[in-house]
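A short worksheet on the structure shown next.
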Amino acid sequence: MHVPPTHTVPPTAPRRHRRSRAFGFAALAVSLLMAFPTAQSAFGDEAADLPGGGDLGPNVLVFDPSTPDIQGKVDEIFKKQESAQFGTDRYALMFKPGTYDNINAQIGFYTQIAGLGLKPDDTTFNGDVTVDAGWFNGNATQNFWRSAENLALNPVSGTNRWAVSQAAPFRRMHVKGGLNLAPDGYGWASGGYIADSKIDGQVGPYSQQQWYTRDSSIGSWGNGVWNMTFSGVEGAPAQSFPEPPYTTLDNTPVSREKPFLYLDGDAYKVFVPAKRTNARGVSWNGTPQGESIPLSQFYVVKPGATAQTINAAVDQGLHLLFTPGVYHVDQPIEIDRANTVALGLGLATIIPDNGVTAIKVGDVDGVKLAGLLVDAGPVNSETLVEVGPHGASADHAGNPTSLQDVFVRVGGAGPGKATTSIVVNSDDTIIDHTWVWRADHGDGVGWETNRADYGVHVKGDDVLATGLFVEHFNKYDVQWSGENGKTIFFQNEKAYDAPDQAAIQNGDIKGYAAYKVDDSVTTHEGWGMGSYCYFNVDPTIRQQHGFQAPVKPGVKFHDLLVVSLGGQGQYDHVINDTGSPTSGTDTVPSQVVSFP
């Protein structure tokens with residue numbers, strides 16, 4: 001294969017030292033002193049350098065075409081993970097370039113399957129990568145937290161099944177046939193997300209309520225239920241909202257594909273795709289544009305690693321590769337070096353202890369956070385992920401920070417609390433596919449038990465969200481305070497468990513909007529956005545609107561809808577006081593094609 005020029009961080013990149021880390025790292029330094037070079041700290045202490053690279057740990061399973069009993073090993077993982085919705089095991093199934101015959105890789109919870117080529121066609125399955133919903137009686141609405149990436153498929157039947165809902169990306173895939181997004185029996189499904197993929201045949205959503213597809217190529221698209229949104233997709237259906245409910249943008253204003261692990265000969269590297277403007281179609285036709293970073297320049301994070309050690313690695317000039325596992329941190333992971341990559345494999349999960357923030361990104365250029373699940377701890381965190389400090393103001397238009405497949409969960413796996421899940425202070429940030437979820441089922445769930453008032457708060461200017469899924473927060477699910485923000489596709493459910501109308505009263509407004517643009521904002525735009533309610537504790541609750549925004553020439557929305565699920569609660573309007581109310585028990589969307 002042809003590998004593009006390699007651009008790497010020099011091994012002698014400058015190191016920064018912080019007092020708390022220099023002293024806390026001393027014990028580890030003693031044990032490593034004889035094995036690795038030492039650097040003089042700012043306070044005169046000697047601290048050993050952390051090594052880059054190394055093995056990927058026991059939960060990254062690497063296959064080549066000669067590996068015996070591949071199907072048996074893949075089936076073994078699926079058996080463990082099929083219904084382990086809130087389990088603690090994490091896996092990445094990685095396939096070296098080559099051709100694999102007679103494979104049906106069924107993908108369960110917390111499982112990533114990926115090819116290790118530079119392009120999807122380097123790793124070909126004569127077979128399928130399947131998600132179905134047999135574990136949940138044919139209902140796919142809880143098929144979360146899994147991914148398929150960087151593979152080519154020749155489906156056995158001609159059509160591959162990928163019946164998922166939130167937090168289940170299908171990235172950089174080539175399906176040499178059709179793609180079915182519904183479970184066997186066509187039960188409910190509530191996904192989903194495709195990016196940088198080519199599907200030669202038809203994509204059949206069938207029962208999928210909503211879906212977002214970005215920068216891809218498809219043979220055709222089958223149908224729509226409530227909200228099907230496309231940007232930069234060759235072969236997408238024409239704009240036609242609300243009947244059928246297609247929102248179609250010819251291009252995506254700004255995008256940068258997710259970094260991924262690959263093999264260059266026998267050497268592991270991480271490829272970081274270049275930023276694209278006005279993108280259309282896949283990024284991997286011809287020579288992929290971007291940079292390759294050797295694994296030796298990554299700190300390979302394994303379970304048991306502390307935030308202190310992780311931060312020391314970043315200070316040292318290393319990138320971060322989180323192997324599959326669950327990581328507790330007692331202080332924030334701080335990434336304040338420009339162009340740092342922090343990539344998780346196998347839904348690597350970070351849990352903040354004692355109410356700290358899990359991840360803080362500095363107001364610097366080009367940080368890439370990808371493939372991580374942040375799970376709130378039992379002590380309330382004021383924030384879980386912060387992009388840029390309060391008051392951040394640097395211009396990052398040429399090299400923005402990006403969050404890709406960064407998921408946040410409050411409750412479900414156990415008690416969790418957080419005031420605001422994600423705060424974006426830095427200008428020009430790209431939020432590309434996130435599911436920010438206050439749990440409505442599982443353990444540690446209740447109106448106050450997993451209290452979380454706000455999902456995503458955007459304070460920076462020129463922030464773009466592509467594929468924004470935010471659900472069930474006690475107050476605003478999304479609040480947007482920055483100027484010139486853009487959202488392409490938004491999916492929301494209001495919190496099911498509001499005990500009564502008074503619990504969600506917002507001054508003289510009934511309920512908090514799912515998506516609120518502050519009154520001070522003068523420019524904002526959104527496309528393909530839906531909010532749904534299901535107030536099952538008190539079905540008499542009325543939500544004044546799904547969306548709230550100032551009425552100004554520069555604030556524009558296209559293709560908005562609200563839905564009452566089974567008549568459990570109702571919306572009075574779609575946005576502000578505009579749009580007809582939902583009514584009765586029929587699950588029929590109330591739609592506003594544009595606003596104002």
Side-chain angles (χ1 to χ4, degrees), residues 209-214 221 223-233 236-254 278 280 431 456 458 462-470 476-494 509 511-533 543-564 570-583 587-596:
Q209 296 161 353
Q210 65 276 316
W211 198 277
Y212 175 53
T213 308
R214 178 182 63 72
W221 189 269
N223 69 290
V225 177
W226 295 334
N227 180 19
M228 303 286 150
T229 300
F230 310 83
S231 67
V233 178
Q239 168 71 32
S240 61
F241 192 91
E243 290 294 338
Y246 297 149
T247 300
T248 302
L249 288 73
D250 286 343
N251 307 91
T252 304
V254 180
N278 295 317
R280 181 172 175 83
I431 307 170
V456 176
V458 177
D462 302 299
V463 172
L464 171 65
T466 51
L468 185 61
F469 300 72
V470 188
Y476 295 122
D477 297 276
V478 173
Q479 183 175 0
W480 210 293
S481 305
E483 284 290 347
N484 199 34
K486 293 182 174 65
T487 294
I488 304 173
F489 182 88
F490 171 67
Q491 186 266 330
N492 165 263
E493 288 178 351
K494 293 302 299 175
I509 297 173
Y512 290 79
Y515 189 104
K516 174 184 166 59
V517 179
D518 284 357
D519 291 343
S520 60
V521 171
T522 60
T523 55
H524 189 90
E525 196 158 9
W527 295 262
M529 305 174 70
S531 176
Y532 317 141
C533 73
Q543 176 84 16
Q544 188 153 329
H545 42 231
F547 301 85
Q548 183 180 354
V551 182
K552 298 178 180 178
V555 178
K556 302 174 183 178
F557 288 93
H558 314 271
D559 305 356
L560 296 180
L561 72 152
V562 295
V563 179
S564 170
Q570 304 290 342
Y571 291 91
D572 289 339
H573 304 284
V574 179
I575 181 169
N576 298 347
D577 294 326
T578 299
S580 60
T582 57
S583 61
T587 303
V588 177
S590 181
Q591 298 158 326
V592 170
V593 173
S594 60
F595 174 87

### Message
With a 3.5 Å distance limit and no angle check, can you tell me whether Asp518 reaches the backbone of Gly482 through a side-chain donor-acceptor pair?
### Response
no
### Task
Give the C-alpha distance, both sets of side-chain angles, the deciding distance and a yes or no for side chain to side chain contact (heavy atoms under 4.5 Å, CB included) between Thr578 and His573.
CA-CA 6 Å; Thr578 299; His573 304 284; 5.9 Å; no
### Task
State, yes or no, whether a side-chain contact exists between Ile488 and Pro253 at a heavy-atom distance under 4.5 Å.
yes
#### Entry: Side chain to side chain, Phe547 and Val592, heavy atoms closer than 4.5 Å
no
### Query
How about Asn251 and Arg280: do any of their side-chain heavy atoms sit closer than 4.5 Å?
yes
### Approximate separation, where rounding is to 0.5 Å, of Phe490 CZ and Thr229 OG1
12.0 Å
### Task
Step by step, work out the side chain to side chain contact (heavy atoms under 4.5 Å, CB included) result for Tyr476 and Gln548.
CA-CA 10 Å; Tyr476 295 122; Gln548 183 180 354; 4.1 Å; yes
### Full working for side chain to side chain contact (heavy atoms under 4.5 Å, CB included) between Asp577 and Gln544
CA-CA 8 Å; Asp577 294 326; Gln544 188 153 329; 3.6 Å; yes
### Query
So which heavy atom on Val521 is nearest to which on Ser481, and how close?
CG2-O, 3.5 Å
### Query
Can we call the ring centroids of Phe489 and Phe230 under 6.0 Å apart?
no
### Task
Examine distances only and state if a side-chain atom of Asn484 and a backbone atom of Thr523 form a donor-acceptor pair shorter than 3.5 Å.
no
### Message
For the backbone of Ser564 and the side chain of Gln570, can you confirm whether one donor and one acceptor N or O come within less than 3.5 Å of each other?
### Response
no
### Side chains of Val563 and Gln209 in contact at under 4.5 Å (non-hydrogen atoms)
no
### Query
Is a side-chain donor or acceptor of Lys494 paired with a backbone partner of Tyr512 at a separation under 3.5 angstrom?
yes
### Task
Calculate, to the nearest 0.5 Å, the distance between atoms CG and NZ belonging to Leu249 and Lys486 respectively.
11.0 Å
### Message
Determine whether a donor-acceptor pair (N or O, by modelled atom type, separation under 3.5 Å) exists between the side chain of Thr248 and the backbone of Pro237.
### Response
yes
### Task
Compare all side-chain heavy atoms of Val593 with those of Asp559 and state whether any distance is below 4.5 angstrom.
yes
#### Entry: 4.5 Å side-chain heavy-atom contact, Cys533 and Val562
no
## Note on the structure
Pro550 and Phe595 have their tightest heavy-atom pair at O-CE2, 4.4 Å
### Flag, side chain of Ser590 to backbone of Thr582, donor-acceptor distance under 3.5 Å
no
### Message
Testing the basics here: between His545 and Tyr571, what is the closest heavy-atom pair and its distance to 0.1 Å?
### Response
C-CD2, 3.9 Å
#### Entry: Distance-minimising heavy-atom pair for Ser531 and Asn492
OG-OD1, 2.8 Å
### Trp221 side-chain N/O to Asn223 backbone N/O, donor-acceptor pair under 3.5 Å
yes
### Query
Quick one: are the ring centres of Phe557 and His524 less than 6.0 Å apart?
yes
### Summary
All heavy atoms of Val470 vs all of Asp477, minimum pair found to be CG1-O, 3.3 Å
### Task
Please examine the side chains of Ser240 and Tyr246, heavy atoms only from C-beta on, and report whether any two atoms are closer than 4.5 Å.
yes
### Message
If you apply the rule side chain to side chain contact (heavy atoms under 4.5 Å, CB included), what do you find for Gln491 with Tyr532, and how did you get there?
### Response
CA-CA 8 Å; Gln491 186 266 330; Tyr532 317 141; 4.0 Å; yes
#### Entry: Shortest non-hydrogen contact between Leu561 and Gln591, atoms and distance
CB-CG, 3.9 Å
### Query
Under 4.5 Å between any side-chain heavy atoms of Gln479 and Val456, yes or no?
no
